Amino acid sequence: MNLISSIDTLRQQISSWRQNGQSVAFVPTMGNLHNGHLQLVDVAKTRADKVIVSIFVNPMQFGKNEDLASYPRTLEADCAGLKQHGADAVFTPTPEMMYPRGLDAQTFVEVPKLGDLHCGASRAGHFRGVSTIVCKLFNLVQPDVACFGQKDYQQLAIIRQMVTDLSLPIDIIGVPTERASDGLALSSRNGYLNAGQRAIAPKLYQLLQQLRNTILAGNHDYRALELEVRQQLTQAGFTPDYIDISDRHDLTLATSAEQEKVILAAAWLGTTRLIDNLEV
């Protein structure tokens with residue numbers, strides 16, 4: 001497995017693979033990898049001849065009061081896991097390399113409407129940062145396919161829309177959420193939870209499952225159902241951000257029984273923000 005730290009070396013590696021007629025799959029990450037990330041690598045290996053993973057804690061997608069400085073950096077362990085799962089190369093750029101003129105002077109990519117909802121409403125500028133760095137990485141790697149986890153459902157929808165709108169020749173693969181045995185969606189931020197919070201955390205997914213079952217049983221009073229789950233989360237010790245029963249395609253709030261739906265949720269446990277989703 002090649003560890004690549006410069007754009008020139010990255011381009012040379014990609015060019016070498018292309019000259020040999022090999023296809024390329026890409027998995028962008030911020031590091032601190034868990035089994036969910038490694039599952040993306042496993043899926044990527046089934047879709048292309050070569051798999052490249054990026055590890056970059058992207059400052060553009062962090063808000064002023066978010067955890068950029070404390071976000072875990074575990075490069076040695078990450079590389080060990082990626083090597084075990086058969087990644088062919090790891091690209092580890094620096095902020096200075098990706099944003100040489102600084103964040104304020106950086107050209108950005110923004111997906112309207114989709115990026116303003118749900119997480120976008122409470123994390124101003126977050127999805128602009130995500131879209132910009134993913135687009136930039138796509139231009140550098142020029143993959144045939146790219147794999148993203150469905151845990152970040154809104155992010156996945158935004159990236160798919162960006163690829164469509166900008167006519168990028170990349171197949172975006174959504175990979176099902178990897179969960180702990182108690183149902184908690186795996187996340188790099190789960191490590192922030194103390195023991196008591198970790199015991200409470202699976203309740204989020206349990207409530208989403210109950211909500212889905214209620215909808216499937218014929219209750220379509222969506223706004224009232226959302227309010228009820230918010231109250232249940234609060235009683236369990238969470239501070240809810242949003243519980244939204246949404247149209248699966250444009251992520252606007254669902255209003256009719258005929259729509260294909262997804263439940264999107266975000267809630268705080270202490271200082272840790274958890275997100276999850278469940279298709280109906």
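Owing to the predicted nature of the structure, the values given are computational and were not obtained by experimental measurement. Each residue takes its place number in the sequence, starting with 1.
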Show the nearest heavy-atom pair for residues [X] and [Y], with the distance to one decimal.
X: G129; Y: M60; result: CA-CG, 3.4 Å
X: I55; Y: P93; result: O-CD, 3.8 Å
X: I14; Y: V141; result: CG2-O, 3.6 Å
X: F56; Y: T94; result: CE1-C, 3.5 Å
X: I170; Y: A146; result: CG2-N, 4.0 Å
X: Q150; Y: L156; result: CG-CD2, 3.9 Å

Exercise for review: Output, in order, the C-alpha distance, side-chain angles, deciding distance and verdict of side-chain contact (heavy atoms from CB on, under 4.5 Å) for L184 and R179.
Suggested key: CA-CA 5 Å; L184 177 64; R179 297 184 180 277; over 6 Å; no
Exercise for review: Look at the aromatic rings of F138 and F26 and report parallel, tilted or perpendicular, splitting at 30° and 60°.
Suggested key: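 Rings of F138 and F26: perpendicular, over 60°.
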Practice item. Evaluate the ring planes of Y222 and H220, with Trp represented by its six-membered ring, and classify them as parallel (under 30°), tilted (30 to 60°) or perpendicular (over 60°). Key: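 Ring orientation of Y222 relative to H220: perpendicular.
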Exercise for review: Carefully, step by step, assess Y71 and M30 under the rule side-chain contact (heavy atoms from CB on, under 4.5 Å).
Suggested key: CA-CA 9 Å; Y71 195 87; M30 293 208 303; 3.8 Å; yes
Would you say the side-chain atoms of [X] pair up with the backbone N or O of [Y], donor to acceptor, closer than 3.5 Å?
X: D49; Y: S23; answer: yes
X: H126; Y: Q61; answer: yes
X: Q154; Y: C119; answer: yes
X: K261; Y: Q259; answer: yes
X: T164; Y: R160; answer: yes
X: D78; Y: N32; answer: yes
X: S246; Y: L253; answer: no
X: T74; Y: A77; answer: no
X: N20; Y: Q22; answer: no
X: Q13; Y: L10; answer: no

How far does [atom1] of [X] sit from [atom2] of [Y], to the nearest 0.5 angstrom?
X: Y192; Y: S70; atom1: OH; atom2: OG; value: 4.5 Å
X: L251; Y: Q161; atom1: CG; atom2: CD; value: 10.0 Å
X: N213; Y: N219; atom1: CG; atom2: CG; value: 12.0 Å
X: H37; Y: S188; atom1: NE2; atom2: OG; value: 4.5 Å
X: E228; Y: L207; atom1: CD; atom2: CG; value: 9.5 Å
X: S122; Y: L117; atom1: OG; atom2: CG; value: 11.0 Å

Min side-chain heavy-atom separation [X]-[Y] under 4.5 Å:
X: L211; Y: L225; answer: yes
X: M98; Y: L140; answer: yes
X: F148; Y: V134; answer: yes
X: D247; Y: E260; answer: no
X: I4; Y: V90; answer: no
X: I158; Y: S131; answer: yes
X: C135; Y: L166; answer: yes
X: R212; Y: L216; answer: yes

Exercise for review: Verify side-chain contact (heavy atoms from CB on, under 4.5 Å) between R128 and V109, making sure each step is shown before the conclusion.
Suggested key: CA-CA 6 Å; R128 173 190 288 187; V109 177; over 6 Å; no
**Study point:** side-chain contact (heavy atoms from CB on, under 4.5 Å) evaluation trace for I245 with I215
**Key:** CA-CA 10 Å; I245 302 168; I215 295 169; 3.8 Å; yes
Check your understanding: For atom CD of Q84, is the number of surrounding heavy atoms from other residues, nucleotides or ligands below 6.0 Å larger than 12?
Key ->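 Incorrect, the count does not exceed 12.
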Practice item. Using a cut-off of 6.0 Å, state whether more than 12 heavy atoms not belonging to R198 lie near its atom CZ. Key: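 For R198, atom CZ is crowded (more than 12 foreign heavy atoms under 6.0 Å).
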Point to revise | From N277, D241, D244, residue fulfilling side-chain hydrogen bond (donor to acceptor under 3.5 Å, both in side chains) relative to H118 | key: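 When N277, D241, D244 are each tested with H118, the side-chain hydrogen bond (donor to acceptor under 3.5 Å, both in side chains) holds only for D244.
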Review point. Only one of L264, I263, D276 clears side-chain contact (heavy atoms from CB on, under 4.5 Å) with Y153; which?
Key: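 So, applying the side-chain contact (heavy atoms from CB on, under 4.5 Å) to Y153 and each of L264, I263, D276, only L264 qualifies.
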Could you tell me whether [X] and [Y] have a side-chain N and a carboxylate O separated by less than 4.0 Å?
X: K151; Y: E178; answer: no
X: D144; Y: R18; answer: yes
X: R189; Y: D67; answer: yes

**Study point:** E66 vs R273, salt bridge (charged side-chain N to carboxylate O under 4.0 Å, His left out): CA-CA, chis, key distance, verdict
**Key:** CA-CA 10 Å; E66 294 185 340; R273 187 175 185 272; over 6 Å; no
Review point. Checking side-chain hydrogen bond (donor to acceptor under 3.5 Å, both in side chains) for the pair S15/Q19: CA distance, chi angles, key distance, verdict?
Key: CA-CA 6 Å; S15 177; Q19 288 172 6; 3.3 Å; yes
